[in-house]
Amino acid sequence: MTKHELSRIAAFTLLFFICSLLFPGMAEPVYARDGPDIEIYVHGEKSMGGPIFNSSGEVGRGLWAPGAIDSGTMRIYNNYSDRISIYNLGIKMELYDTLNDRAVTDTGLLEEYARAMRLTIRKGSFLVFKDTVYDNSFYEMLYDKSNPKQKGYELGTLDRINVGRDDSVDLEYTVQMDKSAGNNLQGMKAVVSFIINSQENPYKNPPKDDDDDDRDRRDRDRKPAKLVIPDIEGHWAHDCILALIEHDVLEPDANGSVRPEDFITRAEAAVLMGKALKLEEAQAISTGYVDEVPDWARGYIIATTEAKVFKGYPGKVFKAYANISREEMTAVLIRAFRENYSSEKEIGFTDSGSIAGWARGNVALAVEQGIITGYASDNTFRPKAFMTRAEAFTIVCKLLGYHEEHNRKLSSIQ
């Protein structure tokens, strides 16, 4: 793969810690080095590391028990590309039963162990850590290419870690076993590999001096350029679409388009609402639905369902690939932005009788508050008609107040 492949995924795995036994006598002492405990280079040829439990004290001697805690540091060097973006963190875990001298294959026991181990990761530089990017159990970060339910942990847009060429970023990891961990975990040793998934994130206007180590700062300070999306030039929703893109609520397709006149599917609507509400993509074994959902929308479908923004159909069916109707999208918007309030006011459209009973209160409130309108040409609402992507984008944009903010920003850079 070449340096300029924008979709290149650099997955480099480092066996960086051995979760050493719950009880005494199972590991030799390992002591910390000066500087970071682990160093990773993007190409991996200079990577080095050791057990995570490497500090002084009893935990460092392998006396791992419920409530025990330890931490270490990792430095990631980018010696490959102009700039990379770390967007996903994962771990692979193998469990070994030392009391019976065998590998553990019981998925229930594997899950119990993974859930009992809490992992916190903070980012910083020069071993100063301020920003927490992960704080959950091993289980939510499990990564397995062959298992669609274990995709690691997708970092939020604001948490993704950019590393300029010949630059580095430091991560601090802290692990603690839950105080209520069961006795059936006694004598279990976990070998855990830490996985970083990254992709190239080139500068839009790279500086001429390729050897300047301060390019990240200069890139942030550079005056923003107008964003051009080919299929929205002259479109009535142009400004709102750009505003959503600037706020990371909307992401263009790989070819740079947003397909404004296509109907929006339920999966697409879930991603849109999840990002608009700044929900984290949920990691769970089950979506709660019996039908298939696409991997790219899975986390937000779970998150928006947990937030009671989406409810699905009877029989626990989500219908991810189905287009969403105007009355369905209206109900979703009200649940998301109006805390599930409704209105009992009369709906003055000529086709108001065709609005489903479960949606009437939501539609009435949305119309009353100007969130959605009908069609002036014939005074209809058309509840069963599908909503276009542009219509959905515009409503969300206005509810978030981004349209006016976008106009102010444009006037300042013109």
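Side-chain atoms are counted along with the backbone in the values below, which use heavy atoms only and exclude waters and symmetry mates.
Closest approach of Gly315 to Val290, counting heavy atoms only: O-CG2, 3.6 Å. The minimum heavy-atom distance linking Ala284 with Arg298 is given by the pair O-NH2, 2.9 Å. Residue Pro260 comes nearest to Ile232 through the heavy atom pair CG-CG2, 4.1 Å, listed as atom of the first residue, atom of the second, then distance.
Residues Phe310 and Phe318 place their aromatic rings such that the two centres sit under 6.0 Å apart.
Relative to the ring axis of Phe381, Arg326 places its NZ or CZ within 45° and under 6.0 Å from the centre. Judged by the 6.0 Å and 45° rule, Lys319 forms a cation-pi pair with Tyr313.
In this structure, His247 contributes its side chain and Val249 its backbone to no donor-acceptor pair below 3.5 Å. Looking only at distances, a side-chain donor or acceptor of Asn379 sits under 3.5 Å from a matching main-chain atom of Gly348. In this structure, the side chain of Asp231 engages the main chain of Val258 through a donor-acceptor pair within 3.5 Å. Side-chain N or O atoms of Thr132 include none that pairs as donor or acceptor with a backbone N or O of Tyr134 at under 3.5 Å. Side chain of Glu251 to backbone of Ile245: no donor-acceptor contact under 3.5 angstrom is found. The main-chain N or O of Arg75 is never found under 3.5 Å from a side-chain atom of Asp170 such that the two would form a donor-acceptor pair. The backbone N or O of Thr265 sits less than 3.5 Å from a side-chain atom of Glu268, completing a donor-acceptor pair. In terms of modelled atom types and a separation under 3.5 Å, the side chain of Arg118 and the main chain of Met177 share no donor-acceptor contact. A donor-acceptor pair is defined here as one N or O able to donate and one able to accept, closer than 3.5 Å; no such pair exists between the side chain of Asp106 and the backbone of Glu111. In this structure, Asn147 contributes its side chain and Lys149 its backbone to a donor-acceptor pair below 3.5 Å.
Thr120 and Asp135 share a side-chain donor-acceptor pair at under 3.5 Å. For the residue pair Tyr289/Thr305, the side-chain donor-acceptor check at 3.5 Å is satisfied. Thr394 and Glu391 share no donor-acceptor pair across their side chains, judged by distance under 3.5 Å alone. At a cut-off of 3.5 Å, with distance as the only test, no side-chain donor of Ser257 or Arg259 sits close to an acceptor on the other residue.
When each of Val367, Thr380, Asp378 is paired with Phe349, the side chain to side chain contact (heavy atoms under 4.5 Å, CB included) condition holds for Val367 and for no other.
Among pairs with a residue in residues 281-294, none fulfils salt bridge (Lys or Arg N to Asp or Glu O under 4.0 Å), at least two apart in sequence or across chains. Within the structure, no pair that satisfies the ring pair (Phe, Tyr, Trp, His ring centres under 6.0 Å) test touches residues 353-377, not counting sequence neighbours. Listed by first then second residue, pairs satisfying salt bridge (Lys or Arg N to Asp or Glu O under 4.0 Å) with a partner in residues 354-376 read Lys345-Glu368, not counting sequence neighbours.
Between Phe138 and Met93 the shortest side-chain heavy-atom distance falls below 4.5 Å. Within the 4.5 Å cutoff, the side chain of Leu185 has no heavy atoms near those of the Asn183 side chain.
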